Amino acid sequence: MDFPENEKQSLNFIEQIIEEDLKNNNNEGRIHLRFPPEPNGYLHIGHAKSICLNFGLANHYNGLCNLRFDDTNPEKEDVEYVESIMEDIQWLGFEWDQEAYYASDYFDQLYDWAVKLIKDGKAYVDEQAQSLISEQRGVPTRPGINSPYRDRPIEENLRLFEGMKNGEFETGAMILRAKIDMSSPNMHMRDPIMYRILHQDHHRSGDKWCIYPMYDYAHGQSDFIEGITHSVCTLEFEIHRPLYDWFLDQIVEGNYRPRQIEFARLNLSYTVMSKRKLLQLVEENLVNGWDDPRMPTISGLRRRGYTPESIRRFAERIGVAKRDNVIDVGLLEFSVREHLNEIAPRVFAVLNPVKVIITNYPEGQSEEVELINNPEDPEGGSRIVPFSREIYIERDDFMEDPPKKFFRMGPGREVRLKGAYIVKCEDYKKDENGAITEIYCTADMDSKSGGAGASRKVKGTLHWVSAQHAIDAEVRVYDRLFLDEDPAGHKDKDFKEFMNPESLKVLPACKLEPSLADVKAGDSFQFQRLGYFCVDKESSADALVFNRTVPLRDSWSKRK
RNA sequence: UGUCCGAUGGUGUAAUGGUAGCACUUGUGAUUUUGGUUCAUACAGUCAAGGUUCGAAUCCUUGUCGGACAACCA
């Protein structure tokens with residue numbers, strides 16, 4: 001028998017490139033990536049895809065991955081974002097090489113290279129009005145025209161650029177431009193801007209600089225400084241690649257050279273992903289901050305109860321390619337259910353309680369029943385839950401006039417109280433509005449779980465909480481933030497018009513089994529038959545607060 | 001009327017000239033003291049037309065459709 005020793009695994013196109021480079025010993029066989037966020041907002045699930053990709057590739061090929069803050073625009077950036085970004089990456093389970101890097105640490109080097117470009121006759125200072133410059137740039141289908149300052153003498157360029165650096169000119173008065181080709185079909189090659197004047201303090205370099213490099217001039221050079229071999233970014237930078245390469249051409253001397261590779265960013269159904277829109281939701285108080293559990297931010301997902309593992313699995317499952325894609329948000333939910341199913345202890349929690357009185361159970365008596373913590377985890381052990389004459393069950397688990405397929409409680413029907421007895425509904429009471437107030441049952445006292453008469457089968461099994469032992473909690477039931485599959489995809493309508501008015505329902509009076517008395521923020525549980533829930537950061541010992549991460553799959557409500 | 005990129009089941013993603021596979025979704029059935037999990041099973045795909053070839057999702061040509069690009073943002 002000969003089985004293939006190693007099943008040939010399929011590689012995504014970036015892995016293919018890397019393996020090809022490895023085979024050819026390009027860059028001495030080094031693999032060095034980087035994740036380069038701009039610290040101008042919180043990271044979201046789309047960034048998580050990129051983080052898992054870059055750090056994952058580095059891990060897999062025994063390479064390195066840097067964290068580099070692309071902080072070349074002090075007008076939008078802030079240390080608050082730097083800190084949240086670091087926290088999110090670490091939480092996801094990744095480590096960057098060395099300290100975090102900052103493009104702003106390269107400003108001196110970048111400046112020197114710019115001077116070199118001027119000396120080489122490849123850059124010039126333009127002092128025209130912004131509107132004129134943009135007019136001269138033309139449009140994609142028509143070439144642009146040269147700036148009258150394009151052939152300014154080198155000495156003058158040098159003097160002016162130094163003046164720019166020294167603060168001799170107002171913000172916006174001049175720019176440094178690369179001298180490339182104003183008739184290029186690629187707009188980015190039409191003498192792109194390298195430096196602009198910005199009299200603005202920077203969150204790291206303070207007031208040292210009043211000129212700042214543009215992304216295109218800073219990014220490839222930063223990659224080069226750090227020894228990056230594969231500079232992975234999203235598709236919209238594809239058209240920048242010739243410029244990335246052009247700037248590199250001006251400084252590369254040896255054999256080492258970084259290479260830009262573009263992949264398709266993540267889009268999620270029923271979600272908006274742009275930083276601008278997320279910022280809008282936060283600033284207009286449409287959600288409760290960047291870490292609102294409804295936000296697709298990493299901090300929001302964390303607070304919602306998503307595990308790092310579940311996000312990594314999700315990133316693995318969606319793959320990497322160059323075609324535009326929209327991932328069903330259901331796949332994200334699948335990933336978190338899958339992981340939580342493996343690790344979350346099961347507990348009883350009644351979200352919409354209705355009281356059940358077991359009339360043949362002695363008053364004032366109670367007993368302990370033992371319940372398995374997690375049937376998926378053999379090491380999970382068990383716990384004790386008190387049972388007594390008065391219990392709460394879920395309001396939805398009772399119907400006055402149930403259809404035949406309703407396997408729960410109804411007049412005259414028998415159900416199993418999980419871990420305890422089979423009970424039969426004998427009667428119930430309603431208030432003046434017709435709402436059920438109390439349900440009366442009799443228990444089959446021989447049917448206790450684990451006992452001799454327990455093998456008898458009934459159709460339904462309910463979770464329950466002993467009324468006198470129950471602890472109270474608030475449960476926040478989250479649902480998707482938008483009702484439309486592509487909220488940002490309507491030309492004539494604002495994405496906010498599609499917000500789900502019921503994305504958050506607060507249930508203030510839930511009843512939990514007493515073992516939940518001393519949980520801590522972040523703990524995850526399966527509320528049996530309901531879903532996965534985690535302890536919110538606002539929870540305290542005397543005011544428990546849980547967030548619903550995701551409901552269980554529910555083939556019952558679907559058939560209704 | 002530009003340049004660049006892309007097109008495989010409903011959604012993603014493999015197959016790199018040789019059996020179109022996997023996951024999610026959906027349907028059906030089994031198991032189940034969670035209408036969960038698990039297991040089994042089914043539905044469903046190569047944008048179009050030509051060409052090269054014994055053989056094309058893959059190579060070539062043309063077309064169609066989709067996306068990106070005209071910030072002193074990244």
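Computed from a prediction, not measured in an experiment: that's the story for all the values here.
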For a quick check, tell me whether the side chain of [X] and the base of [N] share a donor-acceptor pair closer than 3.5 Å.
| X | N | result |
| --- | --- | --- |
| A:His240 | B:A68 | no |
| A:Glu262 | B:G6 | no |
| A:Arg529 | B:U34 | no |
| A:Ser449 | B:U33 | yes |

May I ask you to say what [X] touches in the nucleic acid, namely base, sugar-phosphate or nothing, with a heavy-atom cut-off under 4.0 Å?
| X | answer |
| --- | --- |
| A:Ala218 | nothing |
| A:Asn186 | nothing |
| A:Gly330 | nothing |
| A:Gln526 | base |
| A:Val458 | nothing |
| A:Glu38 | sugar-phosphate |
| A:Arg346 | base |
| A:Arg337 | nothing |
| A:Phe348 | nothing |
| A:Ile318 | sugar-phosphate |

With a cut-off of less than 4.0 Å, is there a side-chain N or O of [X] near OP1 or OP2 of [N]?
| X | N | answer |
| --- | --- | --- |
| A:Gln16 | B:A15 | yes |
| A:Lys76 | B:A74 | no |
| A:Ser555 | B:G36 | yes |
| A:Arg323 | B:A14 | yes |
| A:Arg196 | B:C73 | yes |

What's the gap between [N] and [M] when it is taken at their [atom1] atoms, as a whole Å value?
| N | M | atom1 | value |
| --- | --- | --- | --- |
| B:U58 | B:U41 | P | 32 Å |
| B:A7 | B:A57 | C1' | 11 Å |
| B:A56 | B:A20 | P | 12 Å |
| B:A14 | B:U53 | C1' | 24 Å |

Find the distance between CG (A:Asp486) and CG (A:Leu268) and round it off to the nearest 0.5 Å.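 One gets 11.5 Å once the value is rounded to the nearest 0.5 Å.
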
Which of these nucleotides, [options], is closest to any side-chain atom of [X]?
| X | options | answer |
| --- | --- | --- |
| A:Leu331 | B:C24, B:U25, B:G2 | B:C24 |
| A:Phe334 | B:C24, B:U34, B:U33 | B:C24 |
| A:Pro375 | B:G36, B:U16, B:C72 | B:G36 |
| A:Trp556 | B:U3, B:G35, B:A14 | B:G35 |
| A:Ile175 | B:A68, B:U33, B:C72 | B:C72 |
| A:Ile239 | B:U26, B:A74, B:C69 | B:C69 |
| A:Ile327 | B:G12, B:C5, B:U34 | B:G12 |
| A:Lys322 | B:G35, B:A70, B:C5 | B:C5 |
| A:Glu238 | B:A23, B:G2, B:C5 | B:C5 |
| A:Thr72 | B:U37, B:A74, B:A14 | B:A74 |

Given A:Phe533, which of A:Phe525, A:Phe527, A:Phe348 fulfils the ring pair (Phe, Tyr, Trp, His ring centres under 6.0 Å) condition?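 Among A:Phe525, A:Phe527, A:Phe348, the one that satisfies the ring pair (Phe, Tyr, Trp, His ring centres under 6.0 Å) with A:Phe533 is A:Phe527.
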
For A:Arg150 and A:Lys179, indicate whether the former's side chain and the latter's backbone hold a donor-acceptor pair under 3.5 Å.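 The answer is no, because no donor-acceptor pair under 3.5 Å joins these two groups.
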
Counter-base of B:U41, judged by Watson-Crick or G-U geometry with both distances under 3.5 Å: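 Base partner found: B:G27.
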
Around atom CD of A:Gln16, are there more than 12 heavy atoms from other residues, nucleotides or ligands closer than 6.0 Å?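 It does: A:Gln16 CD has more than 12 such atoms within range.
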
Looking at side-chain heavy atoms only, is the closest gap between A:Ile118 and A:Tyr124 below 4.5 Å?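 Side chain of A:Ile118 against side chain of A:Tyr124, heavy atoms only: no contact under 4.5 Å found.
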
Pair A:Tyr101 + A:Tyr106: ring centers closer than 6.0 Å: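 Not under 6.0 Å, so no.
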
Using ring centroids (six-membered ring only for Trp), state whether A:Tyr111 and A:Phe161 fall under 6.0 Å.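 Yes - the distance between ring centres of A:Phe161 and A:Tyr111 falls below the 6.0 Å cut-off.
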
To the nearest Å, how far apart are A:Asp328 CG and B:U25 P?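 So the CG-P distance, A:Asp328 to B:U25, works out to 9 Å.
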
Length of the CD-P vector between A:Glu316 and B:U13, whole Å: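 From A:Glu316 CD to B:U13 P: 13 Å.
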
